[in-house]
Amino acid sequence: MRKNKKTYSLYKAVFIPAVIILTVEIIFGVFFTENFGAILNNTIYWVGDNFGWWINILSVLSIIFALCFVIFKYGDVRIGGADAKPEYTIWQWVSITTCGGIGVGLLFWAMGEPIYHFMTPPVAPGVEAGSREAAIFAVSQTMFNWSFVQYSMYSFCGLAFALLTYNSNKSLSFGSLVEHSFNRKIPKLTTVVQIFAVFALASGVSNSMGAGLLQIGAGVESVFHIAQGNMVWLVIAVSVGAFFIISSVTGISKGLTKISSITMILLFFMLGYVLFFGDARFISKISTEALGNLMDNFWSKITFNNTMVPQDQWPNEWTITYWNAFIIFAPVIGMFLARLGKGRTVRQFLLFNILVPSTFCLIWIGVFAGMIMKVQSSGMVDVWAAVQELGMQTTIYQVLGNMPGGTFIQIVFLVTVICSFVTLADPMSSVLATLCVHDQQIDDEPPTKVKILMGTIVTTVSYLLVASGGTNSVKGLLNLGGLLMTIPMLWLFLENFRIGGKLLKKKNYLENSPNESTTLSEKMKKAK
């Protein structure tokens, strides 16, 4: 329930440092645009070369830890206690979970990267660019990048918050994590963690919006023949920014559910359209082989790096950047997923939140990446040449424009991108405001002025990312933000084992249950 009438005090120790850092970032981007882009571009390689191994280890652990909870007794614990009942239907769970994790990412990076992997594969595997092996690798790698690792991170972080909230009777916040871990409140540590969270989350949302600006700009050019450029991106940024800020300020808890459902319908429509009007036989063949390649090389795909080939920056530009992107969002999307888990067992929570969206992403990428391979390899359209000239964001429009009713389906895709971004930006801007306020739970309505300010900052940073260097600047900010969030994410991972171990000793799966003392006194009376 929203508590609009309640007043909150600003968490100045978090708000002021975070805003100062973000403001300095904006000033640097405005007055030193080229240098800003160069620094972010170099960040991709600095983080990957020095900390790529650490990022890969955490990615492996997210899979292993989730499997442990599914296989062993931890999975028997029911979120909310033994008698808790689910509050959301399966369809609501599917649409909100899938759309909440997708954002703009799947519709931007996953649509553009297959052509890059096909034409510029990594050096280490020895795959020839443009070959059959490169095509299968391209589809397989894109499938992998957007499925199990991503949702394992989100789900395992979400599990920690779900158990803290529903089984340990704590608020949905980082302060609760600190208090539960050390059995006491530590305000300074909570402040530091939340400053990291605000900066990393602002970076992540700015990145997602930056990718959205590029994708929408490419759609505008393709459909309306208005060339992409800084002015077009600025108009789009102001328009989209105003839209999600107004949406966030007015509060659309019910509306968010509807938008998620509409987005899912649009996504399924896109899938059906491409399969019906595209080459379904070719797509089925290459998707099946790509899935086999994924299964054969599952663990090596997670840990892939440029060992003994330092000149090959492919891992830093792709897989390690993706893991960092998912790490940025994992704790906060985890908070979001936690609210959907009440009444489900830990096993159900993990299996559903990992397998359902992952399966959707595998199908989506199989269809669209397969179609991209068909169009490029058959010579129907030189997608790679268009990407080199106009940017990665044009890939999907090149493919859709070549299909029957090309303009119509391009417009549908454009609307889908906007809806997908709103399903992410609206709740995330509210979370940013929530982290900057005292004594507020995640489902309370944050102060309007703080939400407007954080939304404005995110919109400004996203435009500067695009104007200063496009996709490379976007990737650079992802790597920096992800590196900062590795510690909070690992902390949440380990806390799961601590909470889970305690709850397994309780018959009702509730830690410090308020009814325990009452139940004990009733038993004593009956004994007398």
Side-chain angles (χ1 to χ4, degrees), residues 8-26 43 46-47 50-51 54-55 57-58 61 153-154 156-158 160-161 163-165 168 170-207 323-336 338 428-442 444 446-447 450-451 453-454 457-458 461 477-496 498-499:
Y8 301 97
S9 60
L10 195 65
Y11 198 160
K12 294 181 181 179
V14 171
F15 178 77
I16 293 174
V19 170
I20 288 175
I21 294 171
L22 291 167
T23 302
V24 169
E25 188 174 45
I26 290 172
T43 301
W46 181 82
V47 172
N50 291 283
F51 299 98
W54 165 243
I55 303 299
I57 287 175
L58 285 182
L61 289 178
M153 289 179 180
Y154 296 167
F156 209 58
C157 285
F161 282 116
L163 297 178
L164 276 171
T165 302
S168 299
K170 301 288 184 182
S171 63
L172 194 56
S173 65
F174 285 101
S176 295
L177 174 63
V178 174
E179 183 181 351
H180 191 272
S181 298
F182 296 96
N183 296 317
R184 62 188 179 91
K185 294 183 178 181
I186 308 177
K188 290 184 179 179
L189 181 57
T190 300
T191 298
V192 171
V193 172
Q194 293 198 182
I195 290 173
F196 280 168
V198 170
F199 175 73
L201 182 58
S203 300
V205 178
S206 298
N207 159 268
W323 302 162
N324 275 315
F326 304 148
I327 289 170
I328 286 178
F329 285 108
V332 180
I333 287 184
M335 288 181 174
F336 179 64
M428 291 302 104
S429 61
S430 292
V431 170
L432 278 170
T434 296
L435 292 172
C436 296
V437 175
H438 276 296
D439 302 323
Q440 181 180 327
Q441 294 190 359
I442 203 74
D444 291 335
V450 180
K451 287 198 290 186
L453 178 59
M454 299 310 293
I457 289 174
V458 164
V461 173
L477 194 57
L478 278 178
N479 278 276
L480 183 59
L483 183 61
L484 289 174
M485 285 299 286
T486 56
I487 301 302
M489 190 181 80
L490 180 60
W491 188 353
L492 286 166
F493 282 6
L494 298 178
E495 191 67 14
N496 270 320
R498 186 166 178 264
I499 303 174

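This structure is a prediction, so every number in the text was calculated from the model and none was measured.
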Gap between atom CD of Glu179 and atom OG1 of Thr190 - 0.5 Å precision: 8.5 Å
Pairs flagged by salt bridge (charged side-chain N to carboxylate O under 4.0 Å, His left out) wherever residues 481-496 is involved - sequence neighbours left out: Glu495-Arg498
Minimum heavy-atom distance between Cys157 and Ala330, given as atom pair plus value: CB-O, 3.5 Å
Contact list for residues 182-193, test salt bridge (charged side-chain N to carboxylate O under 4.0 Å, His left out), sequence neighbours left out: none
Side-chain touch Phe156/Asn496, heavy atoms, less than 4.5 angstrom: yes
Separation between CD1 of Ile487 and CG of Leu58, rounded to the nearest 0.5 Å: 7.5 Å
Test log, rule side-chain contact (heavy atoms from CB on, under 4.5 Å), inputs Val198 and Phe15: CA-CA 8 Å; Val198 170; Phe15 178 77; over 6 Å; no
For the student: nearest non-hydrogen atoms of Cys436 and Val450, plus distance: CB-CG1, 4.3 Å
Derivation and outcome, side-chain contact (heavy atoms from CB on, under 4.5 Å), residues Leu490 and Trp54: CA-CA 11 Å; Leu490 180 60; Trp54 165 243; 3.7 Å; yes
Contact summary for Gln194 and Leu435, nearest pair of heavy atoms: NE2-O, 2.9 Å
Leu163 CG to Leu492 CG distance, which is reported to the nearest 0.5 Å: 11.0 Å
Gap between atom CD1 of Ile327 and atom OG1 of Thr486 - 0.5 Å precision: 6.5 Å
Considering all heavy atoms, the nearest Trp491-Ser181 contact: NE1-OG, 2.9 Å
Closest non-hydrogen atom pair, Tyr11 against Thr191: OH-OG1, 2.7 Å
Atom pair OH (Tyr154) and CE (Met489), whose distance is rounded to the nearest 0.5 Å: 10.5 Å
Heavy-atom pair with the smallest gap, counting every atom of Ser168 and Ile499: OG-CG2, 4.0 Å
Selection residues 171-205 - residue pairs positive for ring-ring contact (aromatic ring centres under 6.0 Å, His included), sequence neighbours left out: Phe161-Phe174
